[in-house]
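Worksheet: the structure to be examined is printed underneath.
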Amino acid sequence: MRRETTAPRPDIKARMQGISMWPADDDPYYDESVAYVFSESQIETLYEASLSLERMINEAVDHVIAKKRFQELGIPENLARYASECRRNGHPSVYGRMDLVYDGVQPPKLLEYNADTPTALFEAAVLQWGWLKAQFPACDQFNSIHEALIAAWGKLKTQSGLNRLTLTGMLDEDDDRMTIAYMEDVAHQAGWRTLPMQIEDLGFDGRGFVDSEGVYVQALFKLYPWDWLAQEKFFDHLVELDPAVMESAWRVIASSKGLLPILWELFPGHPNLLPASFKNDAMLGPRVSKPVLGREGSDIQFIDVTDEPFAPTGPYERQKRIYQTYHPLPCFDGWYPVIGSWIIDGEPCGIGVREDRSRVTGLGAKFRPHRMED
Amino acid sequence: MTKQSPPDWSSTLVVLSLLSLGAAGTLASCQPNNRVQDPAETAQKRNLYQSKEACVADYSEEACESYQSSSSSGSGGVFFFRGPSYPASWRSAGQAFDSTSSGPGRAALASPDGVVAHPTQTTRGGFGSTGRSYSSRGG
């Protein structure tokens, strides 16, 4: 694994401007002036680790439901009941992103699993693939995200008999808009009749959810966390009607950082896990305290860590917390990369690399493309 | 890896949808219930369209059929086109994700006449408030 400076595509600025992803200060988030290079065996390591983690996470989700450990995960009772029902009924999952720390030598370690509302999808699936084909056409990349998403949506359509897919979220947020637009594209290619809409515009007529065209919602893709939905006015209707929703409610269990101590309980010493606890236990050594349902690196705290990194503050400070052994991100040329491993329909399908000058990957991170070499 | 632009569907949009019930319903009986009373009643839905073109935009020529609702006055109902049945919820989809069984429309059962939902009964804004409050706090 190494970091290399590369020449970006000559037309990248125009391309990015065309999709409103180029900032006024010419310092873009998706930045292909630098790339990461992995060996084939390193990619195999990432694939195997992701597959193992996916299996362990599924076991841990079932454990939480069987033992009713929702409170430890910060999941309210009304959502816990529905999430359990969804899991028992075999509700499917389309996608998720595991954040892994990996230096190319030591086994990858799970930092967290974004199983409910993952973003950074378009850049991983499409932008870095376009870079590879243009700049390194003879090279390969760990990336079948696009094809896997189309296949996943196609499978859902075939097996469910549904036809219309309403995609919703906070469309005025750049990340959400781009992820929803891309998800609409792959679902459309899989044969769905798609309709994106603001989440506030989702209607309810007493019998069903109604989209912005006045038609009942058949299937819903929502880029809006379940723990937020559960606090809101229409949640009881959603539970009562149980429409097809991706990601399903059980994904809040996989997504809660409260699952990290449970994974460590169930699989102690596993090479792809970091020690974690619900208690602020000095036995963990230098450690990171994370709000169980926090997002974007907000409100994490470092304990007994020298040169404590800066962590952004947000609205999650008062949430229940877990404690995970601090495992520093590797440093390449002063940048700290984190690997986003994409799981589509239960299978690892590709990675995206984000790097930050801070040891906490936050809103200032850059997405870098990657390639493989023999 | 090519991105295709979806067609502009907005001109052929549907304003009415159909909720299928166990017994024949009528346009006159379209007042929405506040809650679903019987899971069997919600097993299947079919969308109703004011034009064949709108239905075909959602489905296909073969999947759309003409449909005349009955009327409480007995004077003949309104003429629509309707698409195929689909499961109204994951519950009624049953084993929809059983990998040993697949095929389009497998979960779709025969649907009797139904009741049209009334667009004016729709309320919006029931989701989104938490995200807005977090956004405004920099989350």
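Since we're looking at a predicted model, the values are computed, not measured. Note: hydrogens, waters and symmetry copies are ignored here, and every other heavy atom, side chains too, is used. Quick note on labels: first sequence line is chain A, next is B, and so on, each numbered from 1.
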| task | Sequence neighbours left out, what passes side chain to side chain donor-acceptor pair (under 3.5 Å) with A:Arg15? Give chain and number order. | result |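 With neighbours one apart ignored, the set is A:Asp11.
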Tell me, out of [options], who's got the most heavy-atom pairs with chain B below 4.5 Å.
options: A:Asp299, A:Val186, A:Leu229, A:Asp236; result: A:Leu229
options: A:Glu200, A:Gln198, A:Lys233; result: A:Glu200
options: A:Ile150, A:Thr168, A:Asp227, A:Val210; result: A:Val210

Note to self: Holding to salt bridge (Lys or Arg N to Asp or Glu O under 4.0 Å), I want the full list of residues that pass it with A:Arg81, two or more places apart in sequence or in another chain.
What the structure shows: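 Only A:Glu77 meet the salt bridge (Lys or Arg N to Asp or Glu O under 4.0 Å) criterion with A:Arg81.
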Say you draw a straight line from [atom1] of [X] to [atom2] of [Y]; how long is it, rounded to the nearest 0.5 Å?
X: A:Asp172; Y: B:Arg132; atom1: CG; atom2: CZ; value: 4.0 Å
X: A:Leu238; Y: B:Phe127; atom1: CG; atom2: CZ; value: 4.5 Å
X: A:Asp205; Y: B:Arg124; atom1: CG; atom2: CZ; value: 9.5 Å

A:Asp211 versus chain B, the contacting section by heavy-atom distance below 4.5 Å |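 Only the backbone of A:Asp211 comes within 4.5 Å of chain B.
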